[in-house]
Amino acid sequence: MLFAAAAGVTAAGVAGAALPGTAGAAPTAAAPQPQIDGTEVWGARPPAGTIDILDYTPSMIIIHHAVSANTNDFSQTQAHAHARWVQNLHMDDNGWSDTGYNFVVSRGGWITEGRHRSLETLLGGTSFVFGAHTSGQNTNGIGICNEGAYHDGAVPPTEQWDSVVALCAYACQQYGIPPTELYGHMDFGATLCPGIFHDMLPQLREEVAAAMG
């Protein structure tokens, strides 16, 4: 589940990678591309406004949690339903143009694209989508949100944690972000977000560095 098939890129209009063993195939990256379900896969609403692309690379990754239910439904169906819940919350309650986060990781380890075009720009590695996840830092970093609530003693399931590591490692590799530049939302404002994920940042940085080789 963690890693996309060689030609199974889920961003609309982005070509798949060469199949293993084919002539001229690029060497395998240290941190392989994880499977990421694009907005068209999980049934996102069209954005209500312009999606702004920043024509440079982010310098950090900022970790969040959704403060949603700590469900035991680890299915892809639940991951897609949660992605739609986040988008509806951000568009209908917050009045934003789209999901604020660039990516969302479910408790079952399924990764979904958040704001439209975030996957396309991640695969390109030279630009990123201006999100709405961390006040004052949206021009500097991409936001990765985790399904669930982690400020009251809960811990992320192994499936979720492993996918966060894989996504962060791939994003760091694509954008040249040092693994030391992984932060939590509370590093930039008065919030409890991302709960225990903030305490686990040293472990996350260490595991991301190892995944990058």
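- In this structure, the side chain of Ser163 engages the main chain of Gly109 through a donor-acceptor pair within 3.5 Å.
- Pairing each heavy atom of Ala44 with each of His116, the nearest pair is CB-CE1, 3.8 Å.
- Of the inter-residue distances, the one linking Tyr175 atom OH with Thr121 atom OG1 reads 4.0 Å to the nearest 0.5 angstrom.
- Both Ile177 and Ile111 sit in one connected hydrophobic cluster of ILVMFWY residues. Membership requires side-chain heavy atoms under 4.5 Å apart, directly or through other members.
- Hydrophobic clustering, with ILVMFWY side chains joined whenever heavy atoms are under 4.5 angstrom apart, keeps Phe128 apart from Met60.
- Put simply, the side chain of Gln87 never gets that close to the backbone of Gly114: no donor and acceptor are under 3.5 Å apart.
- Judged purely by atom type and a 3.5 angstrom limit, Asp187 uses its side chain to pair as donor or acceptor with the backbone of Gly184.
- Of all heavy-atom pairs spanning Ser68 and His82, the tightest one is OG-NE2, 2.9 Å.
- Residue Leu123 is grouped with residue Met212 when hydrophobic side chains (ILVMFWY) are merged at heavy-atom distances under 4.5 angstrom, including chains of intermediate members.
- Nearest heavy-atom pair across Thr57 and Gly125 is CG2-O, 3.5 Å.
- A 6.0 Å sphere centred on CG of Asp152 holds no more than 12 heavy atoms belonging to other residues, nucleotides or ligands.
- Ion pair Asp98/Arg117 not flagged as a salt bridge, since none of the NZ, NE, NH1 or NH2 atoms sits closer than 4.0 Å to an Asp/Glu carboxylate oxygen.
- The line from CG of Asn102 to SG of Cys145 is 11.0 Å long, rounded to the nearest 0.5 Å.
- Interatomic distance, NE2 of His185 versus CD of Gln137, reported as 9.5 Å (0.5 Å rounding).
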Residues Tyr170, Leu122; criterion side chain to side chain contact (heavy atoms under 4.5 Å, CB included); working and verdict: CA-CA 9 Å; Tyr170 182 71; Leu122 173 64; 4.0 Å; yes
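- At distances below 3.5 Å, not a single donor-acceptor pair connects side-chain atoms of Ser127 with backbone N or O atoms of Tyr56.
- Contact of the Trp110 side chain with the Glu159 side chain is not registered, since no non-hydrogen atoms from C-beta on lie closer than 4.5 Å.
- Two residues are said to be in side-chain contact when any heavy atoms from C-beta on lie closer than 4.5 Å; Thr112 and Ser106 fail this criterion.
- Taking CG from Asn146 and CD1 from Ile196, the interatomic distance works out to 12.0 Å, rounded to the nearest 0.5 Å.
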Side chain to side chain contact (heavy atoms under 4.5 Å, CB included) between Val129 and Ile53, worked out: CA-CA 5 Å; Val129 169; Ile53 306 296; 3.5 Å; yes
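- Linking ILVMFWY side-chain heavy atoms closer than 4.5 Å, directly or via other members, places Phe197 and Ile142 in a single hydrophobic cluster.
- From Leu182, atom CG reaches atom CG of Leu204 across 5.0 Å, with rounding to the nearest 0.5 Å.
- For the pair Thr139 and Phe130, the minimum side-chain heavy-atom distance is below 4.5 Å.
- Looking at residues two or more places apart in sequence or on another chain, you find a ring pair (Phe, Tyr, Trp, His ring centres under 6.0 Å) between Tyr183 and Phe188.
- In this structure, Gln78 contributes its side chain and Asp73 its backbone to no donor-acceptor pair below 3.5 Å.
- Counting all heavy atoms, side chain and backbone alike, Asn138 lies closest to Leu54 at O-CD1, 3.9 Å.
- Between the side chains of His64 and Thr134, at least one donor N or O sits under 3.5 Å from an acceptor N or O.
- Heavy atoms only, all atoms of each residue included: His65 and Tyr101 are closest at O-OH, 4.0 Å.
- For Ala132, the side-chain contact (heavy atoms from CB on, under 4.5 Å) test picks out Trp96, Arg115, with sequence neighbours left out.
- Within 6.0 Å of CD in Glu206 there are 12 or fewer heavy atoms belonging to other residues, nucleotides or ligands.
- Between Met186 and Thr191, the shortest heavy-atom distance links the atoms CB-O, 3.3 Å.
- Annotation for Asp55: atom CG does not count as buried by contact number, only 12 or fewer foreign heavy atoms lying within 6.0 Å.
- Between Cys168 and Ile144 there is a side-chain heavy-atom pair separated by less than 4.5 Å.
- Asp92 is listed as a side-chain neighbour of Arg45, based on a closest heavy-atom distance under 4.5 Å.
- The shortest side-chain heavy-atom distance between Ile51 and Ser118 does not fall under the 4.5 Å cut-off.
- Note on Val164 and Val104: separate hydrophobic clusters, where clusters join Ile, Leu, Val, Met, Phe, Trp and Tyr whose side-chain heavy atoms are under 4.5 Å apart, directly or indirectly.
- The CD1 atom of Ile61 sits 9.5 Å away from the CZ atom of Phe103 when rounded to the nearest 0.5 Å.
- Although no hydrogens or angles enter the test, the distance criterion places a donor-acceptor pair under 3.5 Å between the side chain of Glu113 and the main chain of Leu119.
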